[in-house]
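The next block holds one structure in the form of structure tokens; read it before the comments.
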Amino acid sequence: MTPPALLSAALLLLLLPATLTDDGLVPFEVVVQNRLLGTTPQAYITHVKFGGILLGGLKRLMNSTNTFRFTYTEDPDYGPYLESVNGLARNDDDRTYWELLVKMTNGTIVRTNAGIGCYIPSENEQVILNF
Ligand SMILES: *[C@@H]1O[C@H](CO)[C@@H](O)[C@H](O)[C@H]1NC(C)=O
Ligand SMILES: *[C@@H]1O[C@H](CO)[C@@H](O)[C@H](O)[C@H]1NC(C)=O
């Protein structure tokens, strides 16, 4: 290839959005929302390796930004579940908890059928942590 052709090939690569095929990573969005207080939702981008679990993506996100924090505990039957997000903890007395919702790329919002330790995010979907 001539230098200009090389250059445009390199540019093209840079401009292509990240997809599964180039690096095996699955990018997705994490949205923290508080339906009780009606505060403005906060959105973050993170990723997991192909087939990776939500918990991994949340850990990666917490490691890459100082504006997202979460803690979790381990239930003997159901595995890890969210305890607090950005300093706000679930509370049995108040019957408040962090619900996991997913907005698929076609816009449909569903409750996940698995917790953070088992749920496998799909590319470009939005995982909503709803208080
Ligand atoms: C957190 O980030 C550092 C540096 O970016 C990296 O070395 C480390 O492996 C990361 N830890 C996790 C749990 O992702
Ligand atoms: C979106 O996709 C899901 C799963 O594939 C499907 O159940 C749902 O009906 C779809 N929603 C719309 C609006 O097409």
Side-chain angles (χ1 to χ4, degrees):
M1 271 198 281
T2 61
L6 262 178
L7 188 65
S8 52
L11 271 176
L12 192 63
L13 276 178
L14 282 175
L15 294 174
L16 284 173
T19 59
L20 280 180
T21 45
D22 26 51
D23 49 16
L25 298 178
V26 179
F28 64 99
E29 198 175 356
V30 174
V31 174
V32 177
Q33 80 178 23
N34 187 325
R35 220 182 32 194
L36 279 182
L37 294 180
T39 44
T40 311
Q42 290 159 286
Y44 309 87
I45 299 287
T46 185
H47 65 266
V48 286
K49 282 186 187 157
F50 181 70
I53 55 171
L54 176 58
L55 181 59
L58 294 178
K59 284 183 177 171
R60 183 169 281 126
L61 175 60
M62 180 155 76
N63 195 26
S64 68
T65 170
N66 50 23
T67 59
F68 176 80
R69 288 277 162 273
F70 80 104
T71 59
Y72 65 97
T73 26
E74 191 91 22
D75 181 276
D77 291 295
Y78 304 113
Y81 64 93
L82 279 174
E83 189 64 37
S84 76
V85 178
N86 291 345
L88 182 60
R90 60 184 287 279
N91 185 316
D92 281 338
D93 294 338
D94 296 344
R95 288 198 266 153
T96 54
Y97 64 100
W98 286 97
E99 177 185 43
L100 287 183
L101 303 172
V102 168
K103 186 174 182 179
M104 294 178 270
T105 49
N106 69 7
T108 302
I109 298 181
V110 292
R111 220 170 157 156
T112 63
N113 56 358
I116 52 174
C118 297
Y119 185 70
I120 296 174
S122 301
E123 191 175 5
N124 296 329
E125 72 180 9
Q126 203 180 70
V127 174
I128 302 169
L129 312 181
N130 183 44
F131 190 72

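First listed ligand is number 1; within each ligand, the first listed atom is number 1.
- Interface of Asn106 with ligand 2, defined as ligand atoms under 4.0 Å from a residue heavy atom, comprises 1 (C), 2 (O), 3 (C), 8 (C), 10 (C), 11 (N), 12 (C), 14 (O).
- For atom 14 (O) of ligand 2, the protein comes within 4.0 Å by at least one heavy atom.
- Ser64 places a side-chain N or O within donor-acceptor distance of the main-chain N or O of Arg60, the cut-off being under 3.5 Å.
- Within 6.0 Å of atom CZ in Arg69, more than 12 heavy atoms from other residues, nucleotides or ligands are found, so the atom counts as buried in its surroundings.
- Screening Asn130, Leu101, Leu100 against Arg111 for a side-chain contact (heavy atoms from CB on, under 4.5 Å) leaves a single residue, Leu101.
- Looking at Tyr44, its side chain does come within 3.5 Å of a backbone N or O of Thr67 through a donor-acceptor pair.
- Contact annotation for atom 7 (O) of ligand 2: protein absent (non-hydrogen atoms, distance under 4.0 Å).
- Put simply, atom 11 (N) of ligand 2 has protein non-hydrogen atoms near it, under 4.0 Å away.
- Using a 4.0 Å cut-off to heavy atoms of Met104, the atoms of ligand 2 that qualify are 3 (C), 4 (C).
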Next on the checklist: What verdict does the side-chain contact (heavy atoms from CB on, under 4.5 Å) test give for Asp92 and Tyr97, after you've listed the backbone C-alpha separation in whole Å, the side-chain angles of each residue and the deciding distance to 0.1 Å?
Outcome noted: CA-CA 8 Å; Asp92 281 338; Tyr97 64 100; over 6 Å; no
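- Ligand 2 places these atoms under 4.0 Å from at least one heavy atom of Thr108: 1 (C), 8 (C), 10 (C), 11 (N), 12 (C), 13 (C).
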